[in-house]
2 protein chains.
Amino acid sequence: MAQEQIRIPQATARRLPLYYRFLNNLHSQGKQRVSSAELSEAVKVDSATIRRDFSYFGALGKKGYGYNVNYLLGFFRKTLDQDELTKVALIGVGNLGTAFLNYNFLKNNNTKIEIGFDVDETKVGTSIGDVPIYHMDQLKEKLVEEGISVAILTVPAPVAQIITDQLIEADIKGLLNFTPARLNVPPSIRVHHIDLAVELQSFVYFLKHYPSNEKEDTI
Amino acid sequence: MAQEQIRIPQATARRLPLYYRFLNNLHSQGKQRVSSAELSEAVKVDSATIRRDFSYFGALGKKGYGYNVNYLLGFFRKTLDQDELTKVALIGVGNLGTAFLNYNFLKNNNTKIEIGFDVDETKVGTSIGDVPIYHMDQLKEKLVEEGISVAILTVPAPVAQIITDQLIEADIKGLLNFTPARLNVPPSIRVHHIDLAVELQSFVYFLKHYPSNEKEDTI
DNA sequence: GTGACTTTGTGATATAGTTAACAAAAAAAC
DNA sequence: GTTTTTTTGTTAACTATATCACAAAGTCAC
Ligand SMILES: NC(=O)c1ccc[n+]([C@@H]2O[C@H](COP(=O)([O-])OP(=O)(O)OC[C@H]3O[C@@H](n4cnc5c(N)ncnc54)[C@H](O)[C@@H]3O)[C@@H](O)[C@H]2O)c1
Ligand SMILES: NC(=O)c1ccc[n+]([C@@H]2O[C@H](COP(=O)([O-])OP(=O)(O)OC[C@H]3O[C@@H](n4cnc5c(N)ncnc54)[C@H](O)[C@@H]3O)[C@@H](O)[C@H]2O)c1
């Protein structure tokens with residue numbers, strides 16, 4: 001078969017999981033159909049943007065009717081590969097890491113933290129939220145064994161780059177970085193930064209310098 | 001005096017805390033000057049973008065020389081109101097909330113979580129990371145008493161809207177929402193959503209559907 | 001002091017994302 | 001079956017952001 005599909009805009013891609021979650025909600029409420037206007041009210045995204053987003057995948061709706069919840073849900077499940085489990089590793093079982101381990105990302109998500117790593121001997125060998133914690137010495141071995149290529153980084157900033165290098169060595173493909181460090185990686189590896197201190201600080205800046213809410217939501 | 005300043009682009013505003021942090025790093029390394037190219041390497045933002053960002057505040061650098069670290073740092077400290085402490089409340093002292101309470105956002109940031117709230121009697125009355133936890137019954141009273149107008153929301157999704165209404169009642173101005181709920185607020189109140197499940201899910205989507213790294217970093 | 005080099009600040013341009021507006025299609029009402 | 005109403009899908013316009021490329025203004029070496 002030809003290719004995946006035409007590449008959709010990144011902004012759209014970032015909204016897909018949001019749509020998917022709210023469609024799930026509607027579905028479990030027994031709703032059969034939904035209009036872009038209703039969905040807009042729920043997810044707080046302009047209805048024209050929603051229609052545009054959906055249109056990248058073809059004509060999913062029906063004029064004068066809206067969208068069939070079941071059909072749309074099924075479509076997005078396929079599009080977001082929700083039938084295939086993505087296994088993730090978490091490096092650094094501290095305050096933030098522990099919170100993530102205790103959270104069930106699987107609930108409408110099909111992503112699971114399968115394994116944790118730390119250097120703290122009091123943590124190695126334990127399980128948190130059913131996720132076993134291993135020592136960093138076993139990083140490569142275990143990642144290869146489990147076939148994991150996505151990692152969440154929640155270690156202290158000063159060791160972030162060193163650990164990143166080890167992860168690259170272990171053939172990781174993507175890195176969700178919660179540390180304040182900006183990482184050096186080869187171009188074949190995707191890194192997203194979620195910098196909570198920056199989020200808080202810029203939020204405070206917006207509050208002080210921008211007149212209230214001209215919506216500008218960080219997803 | 002006239003007005004604040006010309007309004008700078010939101011994308012720029014979101015990068016300011018990042019610049020500020022790295023300038024602090026350079027400063028404590030004893031560096032006297034820095035070029036946009038060096039800074040670019042450190043923060044992973046195109047050097048032209050950095051120069052453009054800085055230029056919104058006037059001519060901060062010197063041609064053929066670069067930027068004076070001390071001067072720039074002082075300038076951004078003022079711009080980001082770093083000399084004035086912003087007090088923040090945290091609602092919902094669970095997994096995520098506890099992680100935040102244990103984290104020192106004050107380190108180069110001048111934002112501090114001053115107070116926490118929960119309904120869990122085992123948490124009320126304790127302190128976590130030196131932050132006292134109060135019962136939700138005292139929400140309005142305490143927020144007014146402490147003069148707090150920014151809140152972080154880390155409660156279960158089903159109660160998010162109810163608590164939001166209480167916060168509005170308590171005259172909050174901004175809300176950093178970590179729950180998956182999309183909140184209804186009057187336009188005078190600013191809400192930023194940080195939706196970690198969406199971040200993870202869309203990250204996985206990018207990994208599968210977009211050829212490696214055409215950089216597209218969520219700050 | 002002179003010439004070579006560096007680096008800014010910014011027009012111009014390119015790229016990305018959002019939104020208004022509406023014809024076309026279908027549904028719903030009658 | 002006809003009319004009215006609803007709501008999509010998309011064209012066109014707008015707004016925002018990023019980047020190129022280079023003159024201008026300086027620094028630096030000698
Ligand atoms: N906690 C927050 O709210 C918060 C907010 C913003 C940013 N962050 C960032 O997130 C990261 C984690 O924060 P935290 O509060 O969980 O820190 P933490 O100190 O509680 O946890 C760090 C964990 O990493 C482990 N670790 C240390 N060196 C390691 C190594 N070489 N290999 C593997 N594991 C190692 C430690 O044993 C510890 O368990 C930090 O970079 C921090 O700056 C955290
Ligand atoms: N932990 C994570 O990694 C993670 C990831 C993604 C999203 N989230 C979201 O963040 C939020 C918090 O997650 P968590 O894992 O910390 O949950 P949690 O259950 O550990 O904590 C929730 C806290 O809120 C308190 N609470 C409940 N009802 C309350 C009320 N009416 N008023 C005040 N406090 C109340 C509970 O007592 C508890 O302490 C949830 O909405 C969750 O979906 C968390």
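Below, chain A is the first sequence line, B the second, and so on; all start at residue 1.
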Legend entry - Atom-to-atom span, CZ of A:Arg14 to C1' of C:dT18 - whole angstrom: 13 Å

Legend entry - Whole-Å gap separating P (D:dT17) and CD (B:Gln10): 6 Å

Legend entry - Heavy-atom check, side chain of B:Lys87 versus side chain of B:Lys112, under 4.5 Å: no

Legend entry - Whole angstrom value for the distance that separates P of C:dT18 from CD1 of A:Ile50: 12 Å

Inset, instruction - Anything under 30° is parallel, anything over 60° is perpendicular, the rest tilted; go ahead and classify B:His209 against B:Tyr205. - result: parallel

Inset, instruction - Any side-chain hydrogen bond (donor to acceptor under 3.5 Å, both in side chains) involving residues 58-73 of chain B? Give me the pairs, sequence neighbours left out, ordered by first then second residue. - result: none

Using atom types as modelled, flag every donor-acceptor pair under 3.5 Å from a side chain in residues 88-100 of chain A to any protein atom, sequence neighbours excluded.
residue: A:Asn95; atom: OD1; partner: B:Asn102; partner atom: ND2; Å: 3.2
residue: A:Thr98; atom: OG1; partner: A:Gly94; partner atom: O; Å: 2.5

Inset, instruction - In whole angstrom, give the distance that lies between atom CG of B:Leu60 and atom P of C:dG9. - result: 7 Å

Legend entry - Given D:dA21, D:dC20, D:dT8, the nucleotide with the shortest approach to the side chain of B:Asp46: D:dC20

Legend entry - Residue B:Arg33, side-chain atoms from C-beta onward, closest of C:dT7, D:dT7, C:dG9: C:dT7

Inset, instruction - Dump the intermediate steps for ring pair (Phe, Tyr, Trp, His ring centres under 6.0 Å) on B:Phe105 and B:Tyr103, then the final yes or no. - result: CA-CA 6 Å; B:Phe105 286 97; B:Tyr103 190 73; 4.9 Å; yes

Legend entry - Side-chain N or O of B:Arg7 closer than 4.0 Å to phosphate OP1/OP2 of D:dT15: no

Legend entry - Atom pair distance, as rounded to whole Å: OH in A:Tyr56 and C1' in D:dT8: 16 Å

Legend entry - Distance in angstrom units between A:Arg51 CZ and C:dT18 P, rounded: 14 Å

Inset, instruction - Identify, residue by residue, the members of residues 61-72 of chain B with a heavy atom below 4.0 Å from DNA chain C, and return them in order of residue number, or none. - result: B:Gly61, B:Lys62, B:Lys63, B:Gly64, B:Tyr65, B:Gly66, B:Tyr67

Legend entry - Approximate separation, where rounding is to 0.5 Å, of A:Leu183 CG and A:Thr179 OG1: 5.5 Å

Legend entry - Nucleotide nearest B:Ala59 (side chain, heavy atoms from C-beta), chosen from C:dT19, D:dT7, C:dG9: C:dG9

Legend entry - Parallel, tilted or perpendicular, as decided by the 30° and 60° cut-offs, for the rings of A:Tyr19 and A:Phe76: tilted

Inset, instruction - State which of C:dA27, C:dG17, C:dG9 makes the closest approach to the side chain of B:Ser55. - result: C:dG9

Inset, instruction - For D:dA18, take OP1 and OP2 only and decide whether either is under 4.0 Å from a side-chain N or O of B:Thr49. - result: no

Inset, instruction - Nearest whole angstrom, please: distance from the C1' of C:dT10 to the CZ of B:Phe54. - result: 16 Å

Inset, instruction - Just jot down the side chain to side chain donor-acceptor pair (under 3.5 Å) partners of B:Thr49, sequence neighbours excluded, or say none. - result: none

Legend entry - CD/A:Gln32: more than 12 non-hydrogen atoms of other groups inside 6.0 Å: no

Inset, instruction - Could you tell me whether the side chain of B:Arg52 has a donor or acceptor atom within less than 3.5 Å of a complementary atom in the base of D:dT19? - result: yes

Inset, instruction - Using a heavy-atom cut-off of under 4.0 Å over every strand shown, decide if A:Ser36 touches base, sugar-phosphate, or nothing. - result: sugar-phosphate

Inset, instruction - Go through the structure and list residues passing side chain to side chain donor-acceptor pair (under 3.5 Å) with B:Thr154, not counting sequence neighbours. - result: none

Shorter than 3.5 Å, N or O on both sides, protein versus nucleotides 2-5 of chain C: list them out with atom names.
none

Legend entry - Rounded distance in Å - CD1 (A:Ile8) to C1' (D:dG9): 17 Å

